[in-house]
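Quick notes on the structure that follows.
The figures that follow rest on heavy atoms only: side chains count, while hydrogens, waters and symmetry mates do not. Just so it is clear, the model here is predicted, and its values are computed rather than measured.
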Amino acid sequence: MMLQFRLMKHYFIASALVFVTGIVLGAGFSDQFHAFIEAQLKGLEQLSQSINGKPNQQWSLFWLIFWNNVSKSLLIIGLGAFFGVLPLFFLLSNGLLLGYVMAVSAEKQSILYVIKAILPHGIIEIPAIVFACAFGLRLGVLVLKSLTALTSPARSGKFKEEFRGFAKALVPVFVIIVVTLTAAALIESTFTYWLVKPQ
């Protein structure tokens, strides 16, 4: 397991850089991505409206956040098989949205409001999502390697060993993602909710 994490170092760094790039673009160049951001915001609004009228809104909010984040994170690992394109798109699009929301909230409310709205749960949630996308990206690279291994028996044996190690690491990876995103959803639906709700 530790060997796999060492092998993942560059994928973690690459994923984090793509996410930060998305934040910068969303915060500073949102006009160029206006249609995309608006579509994403509309989707989030429809998602949040699904809990309106529920008897226990905070519990409903927890399940909404938990299921949305966990299902997307685990799915994006599998979709990484398409040469790692989708995890990179997921990171960039989520970074764009976060950067835009942060910039607008800071302008309309304050920097303190942005910190209260994002930091408590984001300090856990964001690394967990980047972590999941990094594994999706690695899977994409392994798929590319499998294609090149078809032409060489020596490469084929090395690839099988590498893929076997990656596959074995997925179970603990899934557990880490589920546990961390559960904690993040719990914080967001309670502490963050309390911090940002109108008094």
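Between atom OG of residue Ser71 and atom CD1 of residue Ile76 there is a gap of 10.5 Å, rounded to the nearest 0.5 Å. With rounding to the nearest 0.5 angstrom, the OG atom of Ser15 is 7.0 Å from the CE atom of Met8. To the nearest 0.5 Å, atoms CG (Leu181) and CD (Glu188) are separated by 10.5 Å. For the atom pair Met102 CE and Ile111 CD1, the distance stands at 7.5 Å (nearest 0.5 Å). Atom CG of Leu74 sits about 5.5 Å away from atom CZ of Phe174, to the nearest 0.5 Å. The structure places NZ of Lys108 at 14.0 Å from OG of Ser110, a figure rounded to the nearest 0.5 Å.
Residues Leu98 and Phe19 meet the side-chain proximity criterion, which asks for heavy atoms closer than 4.5 Å. Side-chain contact between Ile177 and Phe135 is absent, with no heavy-atom pair separated by less than 4.5 Å. Contact check for Phe82 versus Leu79: side-chain heavy atoms found under the 4.5 Å cut-off. Between Thr190 and Leu61 there is no side-chain heavy-atom pair separated by less than 4.5 Å. Arg138 has its side chain within reach of Glu162: a pair of non-hydrogen atoms, C-beta onward, lies under 4.5 Å apart. Between Phe36 and Ser93, some side-chain heavy-atom pair lies under the 4.5 Å cut-off. Residues Ile126 and His121 have side chains not in contact (no heavy-atom distance under 4.5 Å, counting atoms from C-beta outward). Within the 4.5 Å cutoff, no side-chain heavy atoms of Leu137 are placed close to those of Leu91.
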Practice problem: Please report the C-alpha distance between Asn94 and Ile129 in whole Å, then the side-chain angles of each, then the deciding distance to 0.1 Å, and finally whether the side chain to side chain contact (heavy atoms under 4.5 Å, CB included) criterion is met. | Solution: CA-CA 10 Å; Asn94 277 271; Ile129 290 170; 5.7 Å; no

Self-check item: From CA spacing to verdict: side chain to side chain contact (heavy atoms under 4.5 Å, CB included), Thr192, Lys116
Solution: CA-CA 7 Å; Thr192 304; Lys116 290 193 297 183; over 6 Å; no

Exercise. Apply side chain to side chain contact (heavy atoms under 4.5 Å, CB included) to the pair Leu186 and Ile65, showing each step before the final yes or no.
Key: CA-CA 9 Å; Leu186 191 60; Ile65 295 165; over 6 Å; no

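Shown here is Ile123, whose CD1 atom has no more than 12 heavy atoms of other residues, nucleotides or ligands within 6.0 Å. No more than 12 heavy atoms of other residues, nucleotides or ligands shown are found within 6.0 angstrom of CD on Glu107.
Linking ILVMFWY residues whenever their side-chain heavy atoms come closer than 4.5 Å, directly or via other members, leaves Val114 and Val24 in distinct clusters. A chain of hydrophobic side-chain contacts below 4.5 Å, direct or via other Ile, Leu, Val, Met, Phe, Trp or Tyr residues, connects Leu139 to Ile176. Val85 and Leu17 sit in two unconnected hydrophobic clusters of ILVMFWY residues. Membership requires side-chain heavy atoms under 4.5 Å apart, directly or through other members. In the hydrophobic clustering of this structure, Leu41 groups with Ile118; members are Ile, Leu, Val, Met, Phe, Trp, Tyr whose side-chain heavy atoms approach within less than 4.5 Å, directly or through other members. Cluster annotation: Leu44 is connected to Ile23 through the hydrophobic network of ILVMFWY side chains, with a link wherever side-chain heavy atoms come within less than 4.5 Å.
Using the six-membered ring where Trp is involved, Phe131 and Phe12 have ring planes that are parallel, under 30° apart on the 30 and 60° scheme. Classification of the Trp59-Trp63 ring pair by plane angle, with boundaries at 30° and 60°, yields perpendicular.
Between Gly122 and Pro127, the shortest heavy-atom contact is O-CD, 3.4 Å. The two residues Pro87 and Gly136 make their nearest non-hydrogen contact at CG-C, 3.7 Å. Taking every heavy atom of both residues into account, Leu88 and Val18 meet most closely at O-CG1, 3.7 Å. The heavy-atom pair separating Ser105 from Tyr113 by the smallest distance is CB-CD2, 4.1 Å.
Ser48 places a side-chain N or O within donor-acceptor distance of the main-chain N or O of Glu45, the cut-off being under 3.5 Å. Listed for the Gln58 side chain is a donor-acceptor partner under 3.5 Å among the backbone atoms of Ser189.
Looking at Thr180, Thr182, Val175 one by one, the single match for side chain to side chain contact (heavy atoms under 4.5 Å, CB included) with Val178 turns out to be Thr182.
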